[in-house]
Visitor: 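Got a structure here, written out as structure tokens. Questions coming.
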Amino acid sequence: QGSGLDKPAAVIVETVQGEGGINVARPEWLRALKELCERQDMLLIVDDIQMGCGRTGAFFSFEEAGITPDIVTVSKSISGYGLPMSLCLFRPELDVWEPGEHNGTFRGNNPAFVTATAALHMYWTDDQMEKHTRARGEQVGQALLALCDESGAEGARCRGRGLVWGLEFSRTERASEVCRRAFELGLLLETSGTRSEVVKLLPPLTISADETDEGLRTLARAVRDTG
Ligand SMILES: Cc1ncc(COP(=O)(O)O)c(C=O)c1O
């Protein structure tokens with residue numbers, strides 16, 4: 001009755017928080033959020049910039065939950081070749097732009113459009129990429145679970161989906177120590193999480209089983225060396 005705040009116009013969410021510490025949203029939670037947005041007449045925006053383009057298996061990270069967001073952002077891997085490109089996808093009825101109205105420095109980067117189209121044809125006209133990512137993801141998940149059970153890794157916990165995994169340590173600084181040691185051993189890793197308490201694994205989706213094993217062995221050694 002004129003007293004409260006307006007409802008939010010939209011909710012924006014990552015299905016797996018990338019920089020936030022590899023926090024994986026449950027499919028039921030995502031479905032409940034979608035229903036809440038529908039009931040309250042709010043738009044659901046999925047930021048798929050880091051988790052989309054096949055990172056979790058399917059092309060979009062929300063497919064597994066069976067939801068259709070109103071707006072989706074993708075970037076990073078979308079150009080397939082490291083060229084700057086980003087897309088904001090939305091339902092046609094939400095499109096209030098006049099042709100050419102939404103302009104800016106990075107819009108319409110032609111080489112990126114060419115490589116993005118090539119990447120879509122090369123990787124997304126069958127399910128090979130998705131199957132490969134899921135298989136590699138299981139390989140990573142099993143290795144991390146085994147690593148967490150090792151005596152030198154007490155208090156370590158792992159979580160992830162597809163080819164995005166996080167290894168969290170109860171002693172916060174250990175994640176940075178592991179990354180530093182891994183770098184000395186030839187493996188590039190970064191930390192994530194509000195206190196940089198998570199070692200983040202984000203290998204290329206084209207990685208082979210042998211390369212994955214090699215990386216996981218190096219990671220295990222880095223964990224042991226910092227125990
Ligand atoms: C989830 C997420 N959203 C947005 C961004 C920013 O993307 P851009 O630089 O394309 O604006 C990033 C970059 O790391 C990201 O991880």
Side-chain angles (χ1 to χ4, degrees), residues 8-27 29-30 33-34 37 42-65 67-91 94-95 97 101-120 123-124 129-130 133 136-137 140 158-168 175-176 179 183 188-207:
V11 171
I12 183 161
V13 72
E14 283 181 275
T15 65
V16 181
Q17 286 182 329
E19 300 310 299
I22 317 300
N23 300 304
V24 184
R26 283 177 294 116
W29 186 85
L30 289 168
L33 181 64
K34 172 70 181 160
C37 287
M42 301 183 296
L43 298 179
L44 178 62
I45 306 172
V46 170
D47 178 344
D48 238 5
I49 284 177
Q50 197 165 144
M51 295 304 147
C53 304
R55 177 54 54 189
T56 62
F59 186 83
F60 292 111
S61 71
F62 50 81
E63 288 180 53
E64 204 171 295
I67 58 166
T68 305
D70 300 290
I71 298 179
V72 181
T73 58
V74 283
S75 183
K76 298 200 189 289
S77 312
I78 187 66
S79 82
Y81 201 64
L83 294 173
M85 182 173 180
S86 62
L87 299 174
C88 185
L89 313 171
F90 41 87
R91 293 192 275 108
L94 298 174
D95 186 1
W97 300 106
E101 192 182 344
H102 183 227
N103 54 26
T105 310
F106 302 119
R107 315 293 190 277
N109 175 0
N110 282 345
F113 275 66
V114 172
T115 55
T117 306
L120 287 177
Y123 295 116
W124 295 102
M129 186 70 168
E130 181 170 347
T133 300
R136 294 290 72 71
V140 175
C158 66
R159 56 205 180 228
R161 271 178 67 200
L163 269 177
V164 48
W165 285 83
L167 184 61
E168 179 176 359
S176 299
C179 291
F183 186 69
L188 189 58
L189 289 167
E190 62 171 2
T191 59
S192 143
T194 47
R195 291 174 300 128
S196 299
E197 71 281 17
V198 179
V199 173
K200 183 185 184 195
L201 282 78
L202 208 70
L205 301 186
T206 49
I207 196 168

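Both counts, for ligands and for their atoms, begin at 1 and track the order of listing. Positions are given from 1, in the same order as the sequence printed here.
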Visitor: Between the candidates Asp47, Leu87, Val13, Val46, which shows the shortest non-hydrogen contact distance to atom 3 (N) of ligand 1?
Guide: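 When every heavy atom of Asp47, Leu87, Val13, Val46 is considered, Asp47 comes closest to atom 3 (N) of ligand 1.
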Visitor: Look at ligand 1 and say whether Lys76 reaches it with a heavy atom at a distance under 4.0 Å.
Guide: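 Judged by the 4.0 Å heavy-atom criterion, Lys76 does count as contacting ligand 1.
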Visitor: Can you figure out which of Gly18, Ser75, Gly52 has its heavy atom closest to atom 10 (O) of ligand 1?
Guide: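 Checking each option, the heavy atom nearest atom 10 (O) of ligand 1 is found in Ser75.
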Visitor: For the CG atom of Leu202 and the CD atom of Glu190, what is their distance to the nearest 0.5 Å?
Guide: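 The CD atom of Glu190 is 7.0 Å from CG of Leu202, to the nearest 0.5 Å.
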Visitor: Taking side chain as C-beta onward, heavy atoms only, is Leu201 less than 4.5 Å from Val199?
Guide: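 Yes - at least one pair of side-chain heavy atoms lies under 4.5 Å apart.
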Visitor: Counting non-hydrogen protein atoms only, what is the nearest one to atom 11 (O) of ligand 1? Give residue, atom name and distance.
Guide: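 For atom 11 (O) of ligand 1, the nearest protein heavy atom is Ile49 CD1, 4.7 Å.
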Visitor: Are any non-hydrogen protein atoms located under 4.0 Å from atom 7 (O) of ligand 1?
Guide: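 There is a protein heavy atom less than 4.0 Å from atom 7 (O) of ligand 1.
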Visitor: Is it true that atom CG of Leu188 has more than 12 heavy atoms of other residues, nucleotides or ligands lying nearer than 6.0 Å?
Guide: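 Not buried by this count: 12 neighbours or fewer within 6.0 Å.
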Visitor: Considering non-hydrogen atoms of the protein only, which is the closest contact for atom 16 (O) of ligand 1, and what is the distance?
Guide: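 Protein heavy atom at minimum distance: Gln50 NE2, 2.6 Å.
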Visitor: Just how far is it from atom CG of Leu44 to atom OG1 of Thr68, taken to the nearest 0.5 Å?
Guide: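 It comes to 10.0 Å.
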Visitor: Side chains of Met51 and Arg161: does their closest heavy-atom pair fall under 4.5 Å?
Guide: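 The answer is no, as the side chains (C-beta and beyond) never meet within the 4.5 Å cut-off.
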Visitor: Once you round to the nearest 0.5 Å, how far does CG of Asn23 lie from OG1 of Thr15?
Guide: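 Rounded to the nearest 0.5 Å, the CG-OG1 separation comes to 11.5 Å.
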Visitor: Nearest protein heavy atom to atom 1 (C) of ligand 1, by residue and atom, and its distance?
Guide: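 It is Glu14 OE2, 3.1 Å.
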